[in-house]
K.L.:
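Can you read through this structure? Questions will come right after.
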Amino acid sequence: MKKINFNNKKFSLLENSENGKVNSETIFEYKQDGNLVTADYYGGTIRYGKIIAHLDNNQLVMLYQCLTIENKLKAGKAIAEITITKANKIKLTLDWEWLNEEGQRGVSEYIEI
């Protein structure tokens with residue numbers, strides 16, 4: 001896989017597990033400095049969120065936190081598999097887990113917009 005550049009890329013949700021908080025109105029704005037990848041996210045059910053990740057070949061190893069519109073603080077971790085679509089867009093498939101809600105995990109997919 002060619003080297004991925006997340007700097008100034010935006011993403012939105014394609015699919016989410018039932019116990020996920022993000023919806024199709026949530027926008028993710030990514031930045032990158034070497035193998036450090038960060039993102040701010042907001043919209044829909046998310047008032048504000050932040051991701052910090054380490055880019056390792058075709059994966060992002062990430063921690064995230066957010067405040068929902070119900071004023072709930074949430075935090076989690078994920079491994080994101082990175083693929084490139086036929087339209088040359090970055091697609092992320094996250095295997096995630098909430099850290100503050102034991103046993104709650106899921107899978108979600110995001111696409112570059």
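If you're wondering where the values come from, they're calculated on a predicted model, not measured in any experiment. Basis for what follows: all heavy atoms, side chains included, without hydrogens, waters or symmetry-related copies.
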K.L.:
Looking at every non-hydrogen atom in both residues, tell me the closest pair between S12 and I113 and how far apart they are.
P.N.:
OG-CG2, 3.3 Å

K.L.:
Do you know which two heavy atoms are closest between S24 and L13, and how far apart they sit?
P.N.:
N-CD2, 4.0 Å

K.L.:
Atom NZ in K86, atom NZ in K91: separation rounded to 0.5 Å?
P.N.:
11.5 Å

K.L.:
Can you confirm whether more than 12 heavy atoms, excluding those of N7, are under 6.0 Å from its CG atom?
P.N.:
yes

K.L.:
Treating Ile, Leu, Val, Met, Phe, Trp and Tyr as nodes and any side-chain heavy-atom pair under 4.5 angstrom as an edge, say whether I111 and L94 lie in one connected cluster.
P.N.:
no

K.L.:
Using 30° and 60° as the class boundaries, would you call the ring planes of F28 and Y41 parallel, tilted or perpendicular?
P.N.:
parallel

K.L.:
Starting from V61 and following side-chain heavy-atom contacts under 4.5 Å between hydrophobic residues (I, L, V, M, F, W, Y), which residues can be reached?
P.N.:
I79

K.L.:
Do T45 and T68 have side chains that approach each other closer than 4.5 Å (heavy atoms only, starting at C-beta)?
P.N.:
no

K.L.:
Should the heavy atoms of other residues, nucleotides or ligands under 6.0 Å from NZ of K50 be counted, would the total exceed 12?
P.N.:
yes

K.L.:
Got N23 and N16 here, is their nearest side-chain heavy-atom distance under 4.5 Å?
P.N.:
no

K.L.:
Does the side chain of I84 reach to within under 4.5 Å of the side chain of I90, using non-hydrogen atoms?
P.N.:
yes

K.L.:
Quick check against the 3.5 Å criterion: does S108 have a side-chain atom that pairs as donor or acceptor with the backbone of E15?
P.N.:
no

K.L.:
So how far is it from I51 CD1 to M62 CE, rounded to the nearest 0.5 Å?
P.N.:
4.5 Å

K.L.:
Rounded at 0.5 Å granularity, tell me how far CH2 in W96 sits from CZ in R105.
P.N.:
9.5 Å

K.L.:
Check the pair I27, D40 against side chain to side chain contact (heavy atoms under 4.5 Å, CB included), reporting the backbone distance first and the verdict last.
P.N.:
CA-CA 8 Å; I27 300 296; D40 292 332; over 6 Å; no

K.L.:
CG/L92 to CG/L14 distance, rounded to the nearest 0.5 angstrom?
P.N.:
9.5 Å

K.L.:
If we count only N and O atoms by modelled type, under 3.5 Å, do the side chains of Q59 and E81 hold a donor and an acceptor together?
P.N.:
yes

K.L.:
Carefully, step by step, assess N5 and Q32 under the rule side chain to side chain contact (heavy atoms under 4.5 Å, CB included).
P.N.:
CA-CA 7 Å; N5 182 359; Q32 182 175 349; 3.6 Å; yes

K.L.:
Would you say the rings of Y30 and F6 are close, in the sense that their centroids are separated by under 6.0 Å?
P.N.:
yes

K.L.:
Kindly indicate whether the side chain of K74, heavy atoms from C-beta on, has any atom under 4.5 Å from the side chain of Y64.
P.N.:
no

K.L.:
Working to the nearest 0.5 Å, report the span between CD1 of I4 and OG1 of T83.
P.N.:
8.5 Å

K.L.:
Passes side chain to side chain contact (heavy atoms under 4.5 Å, CB included), V107 versus T93? Steps please.
P.N.:
CA-CA 7 Å; V107 175; T93 304; 4.1 Å; yes

K.L.:
For the hydrophobic clusters of this structure (ILVMFWY residues joined by side-chain heavy atoms under 4.5 Å, transitively), does one cluster hold both L63 and L36?
P.N.:
yes

K.L.:
State the NZ-CG distance between K77 and L99, to the nearest 0.5 angstrom.
P.N.:
6.5 Å

K.L.:
Does one hydrophobic cluster hold both I46 and W98, with members joined at side-chain heavy-atom distances below 4.5 Å?
P.N.:
yes

